[in-house]
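Quick caveat, the model's predicted, so the values are computed rather than measured.
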Protein chains: 2
Amino acid sequence: MLSFVEENYLKAIYHLSEAGKRSVNTNSLAEEMKTAPASVSDMIKRLSEKKMVDYQKYRGVNVSGKGKIKALHVIRQHRIWKVFLVEKLNFQWDQLDEVAEQLEHIKSPLLIQRLDEFLGFPKFDPHGDPIPDENGQLIEKRKDPITQLPVGTAGIVVGVNGSSASFLKYLDKVGISIGTRLQIVDRMEFDGSVDVTIDGKKTITISPTVAENILLSEA
Amino acid sequence: MLSFVEENYLKAIYHLSEAGKRSVNTNSLAEEMKTAPASVSDMIKRLSEKKMVDYQKYRGVNVSGKGKIKALHVIRQHRIWKVFLVEKLNFQWDQLDEVAEQLEHIKSPLLIQRLDEFLGFPKFDPHGDPIPDENGQLIEKRKDPITQLPVGTAGIVVGVNGSSASFLKYLDKVGISIGTRLQIVDRMEFDGSVDVTIDGKKTITISPTVAENILLSEA
DNA sequence: AATTTTTATTAGACTAATCTAAATACTATA
DNA sequence: TATAGTATTTAGATTAGTCTAATAAAAATT
Ligand SMILES: [Mn+2]
Ligand SMILES: [Mn+2]
Ligand SMILES: [Mn+2]
Ligand SMILES: [Mn+2]
């Protein structure tokens, strides 16, 4: 059984390696975990002994087969808890992570199974990220920033880049959240501002920066 | 901030001291915590330095003012989570504690406040134990085993003694759970068996042992 | 190709939480 | 009230996870 700390490292390695595609160097992991590089070296050695990561000194680290499954398991729990916090307890987006970081480590297969059921087997979390199934399978869905879609396109908001409190507050104010349907009705040539219709009702103009950070998925 | 382990010790001291009424000796605490007495001595010293317990060597330990509030805070979270597990996720009574022991340590005042609200501000947990409020205030309610109540009495099931799986299964089968209304309609002199009416509907006979372990509170 | 800079690992120390074994204090009983 | 027995504390070790400082390897620059 892995400790909370080991689970957090494994998750960080998984994310930094972009789902296992490339290996992760010690310093970036140290930055991510907010620890000293020396601590990372120690921990990698331990995870390596437990066959959770593939590691060669000075060559970087990556999740092993076992480690990837474990990481996806933690990610699954993290995202399911987020759905719960938003859907049932009305949490704001910026209050989610602190709590989900703790809840993701609760050890009880029954708990997460029942919670998943209680929430109606959600496929995406409130940030639009896909929830792995019990076996670690991910349904990947195309997510494009509004800036990269042509005028006329309609889609569902499935995520946002970044999570600054002020940005999220702005989205709340104009009535955009995960699940909102947006249609791109115009794009201004001179600065890239975009007119979008929200849920078929009102139309607003968003700045290019905002457009760049809202992710749509084919409706 | 206290660690999980410190919180568990504090809760155990609170319980074993019967809410702070008498001091607790090292061995009983060691038994409760399933650790060596030496480990208990170490931990007590630490909690004492943090002013969470009152302690004099060889004289036993008890919760301090601060410690009692902290213990009640953890107990509050434990019991609120139990309500959630039973009411929302349909957990069985015997599956509760393992998970609630973990969930009670999640650090987020907002989480427990919202959860409490989501559950409709419950006053008792599924075992019939009262839930302390945010300030650690407890509403104590008389709980009497059926054996000690006269024929004619009606009341709500607010708890059970013990929690053997087979006993709980029996209660499920006959349709008795927390919140069920029972009326005592007869008591057999020769063996103490009791006839009770369940929720005003059917009447069944329960053995003296069962009667002894079901706790009623004035309706 | 040699040198400098960056990155990563080891050395050694610290705290929390645990253990076993040894020492000490309290309690009960003769 | 001395002694035996029990309860409790201390001594000393261990493991997880962390740190700083020192060393070593790899990469980048001259
Ligand atoms: Mn976490
Ligand atoms: Mn010690
Ligand atoms: Mn606990
Ligand atoms: Mn080391």
Side-chain angles (χ1 to χ4, degrees), chain A residues 1-14 16-17 22-64 66-67 70-71 74 101-102 104-107, chain B residues 1-14 16-17 22-64 66-67 70-71 74 101-102 104-107:
Chain A
M1 177 143 311
L2 297 186
S3 69
F4 287 16
V5 174
E6 289 170 322
E7 288 185 351
N8 284 334
Y9 269 92
L10 215 46
K11 195 160 61 100
I13 294 167
Y14 177 84
L16 291 175
S17 72
R22 51 191 115 274
S23 72
V24 176
N25 56 4
T26 301
N27 275 359
S28 19
L29 195 45
E31 191 185 359
E32 175 72 16
M33 300 302 294
K34 298 176 205 312
T35 55
S39 308
V40 170
S41 286
D42 278 353
M43 178 55 83
I44 287 173
K45 223 172 293 168
R46 236 166 318 146
L47 286 171
S48 182
E49 277 155 23
K50 297 190 177 184
K51 309 280 184 215
M52 287 297 180
V53 297
D54 297 325
Y55 170 57
Q56 291 183 105
K57 274 199 226 179
Y58 295 100
R59 300 264 90 128
V61 66
N62 206 339
V63 290
S64 70
K66 264 175 74 179
K70 185 75 206 171
V74 177
E101 272 303 322
Q102 298 179 61
E104 69 186 358
H105 304 290
I106 303 290
K107 266 96 182 163
Chain B
M1 176 142 314
L2 297 186
S3 70
F4 287 15
V5 174
E6 289 171 320
E7 288 185 349
N8 284 334
Y9 268 92
L10 215 45
K11 195 161 59 104
I13 294 167
Y14 177 84
L16 290 175
S17 71
R22 51 192 114 273
S23 74
V24 176
N25 56 4
T26 303
N27 276 358
S28 20
L29 195 44
E31 190 185 0
E32 177 72 18
M33 300 303 294
K34 297 178 206 312
T35 54
S39 309
V40 170
S41 285
D42 278 353
M43 178 53 84
I44 287 173
K45 222 172 294 167
R46 234 161 324 139
L47 286 172
S48 182
E49 277 154 23
K50 296 190 176 183
K51 309 280 184 214
M52 287 297 181
V53 297
D54 297 325
Y55 170 57
Q56 291 183 104
K57 273 199 225 175
Y58 294 101
R59 300 265 88 129
V61 67
N62 207 339
V63 290
S64 69
K66 263 176 74 180
K70 186 74 206 170
V74 177
E101 272 304 322
Q102 298 179 61
E104 69 186 359
H105 304 290
I106 303 291
K107 266 95 182 164

Nearest-Å distance for atom pair [atom1]/[atom2], residues [X] and [N]:
| X | N | atom1 | atom2 | result |
| --- | --- | --- | --- | --- |
| Met52(A) | dA16(D) | CE | C1' | 16 Å |
| Lys57(A) | dT10(C) | NZ | C1' | 8 Å |
| Asn8(B) | dA17(C) | CG | P | 11 Å |
| Asn27(B) | dT27(C) | CG | P | 14 Å |
| Leu2(A) | dG17(D) | CG | P | 9 Å |
| Ile44(A) | dT10(C) | CD1 | C1' | 14 Å |
| Leu29(B) | dT9(D) | CG | P | 10 Å |
| Met33(B) | dT8(D) | CE | P | 16 Å |

Of the nucleotides [options], which has the atom closest to the [X] side chain?
| X | options | answer |
| --- | --- | --- |
| Asp42(B) | dT9(D), dA21(D), dC19(C) | dC19(C) |
| Ser3(B) | dT9(C), dT9(D), dA17(C) | dA17(C) |
| Pro37(B) | dT9(D), dT18(D), dT18(C) | dT9(D) |
| Ser41(A) | dA8(C), dT20(C), dA17(C) | dA8(C) |
| Lys45(B) | dA17(C), dG17(D), dT10(D) | dT10(D) |

(request) Would you mind telling me which residue lines up with the more 5' stretch of DNA chain D, Arg59(A) or Ser39(A), judged by nearest nucleotide? (result) Ser39(A)

(request) Could you pick out which residue, Tyr58(A) or Thr35(A), lies toward the 5' side of DNA chain D when each is mapped onto its nearest nucleotide? (result)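 Between the two, 5'-proximity favours Thr35(A).
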
(message) Using a heavy-atom cut-off of 4.0 Å across all strands, would you classify Tyr9(A) as base, sugar-phosphate, or nothing?
(response)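 Here Tyr9(A) touches the backbone only, sparing every base.
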
Would a distance-only check, ignoring hydrogens and angles, find a side-chain to backbone donor-acceptor pair under 3.5 Å from [X] to [Y]?
| X | Y | answer |
| --- | --- | --- |
| Ser23(B) | Val61(B) | no |
| Asn62(B) | Ile13(B) | no |
| Thr26(B) | Pro37(B) | no |

(message) Check this one for me: any side-chain N or O of Arg46(B) less than 4.0 Å away from OP1 or OP2 of dA17(C)?
(response)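 Yes.
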
(message) I need the Lys70(B) NZ to Leu10(B) CG distance, nearest 0.5 Å.
(response) 8.5 Å

(message) Any non-hydrogen side-chain atom of Met52(A) less than 4.5 Å from a side-chain atom of Glu6(A)?
(response)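 The answer is no, as the side chains (C-beta and beyond) never meet within the 4.5 Å cut-off.
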
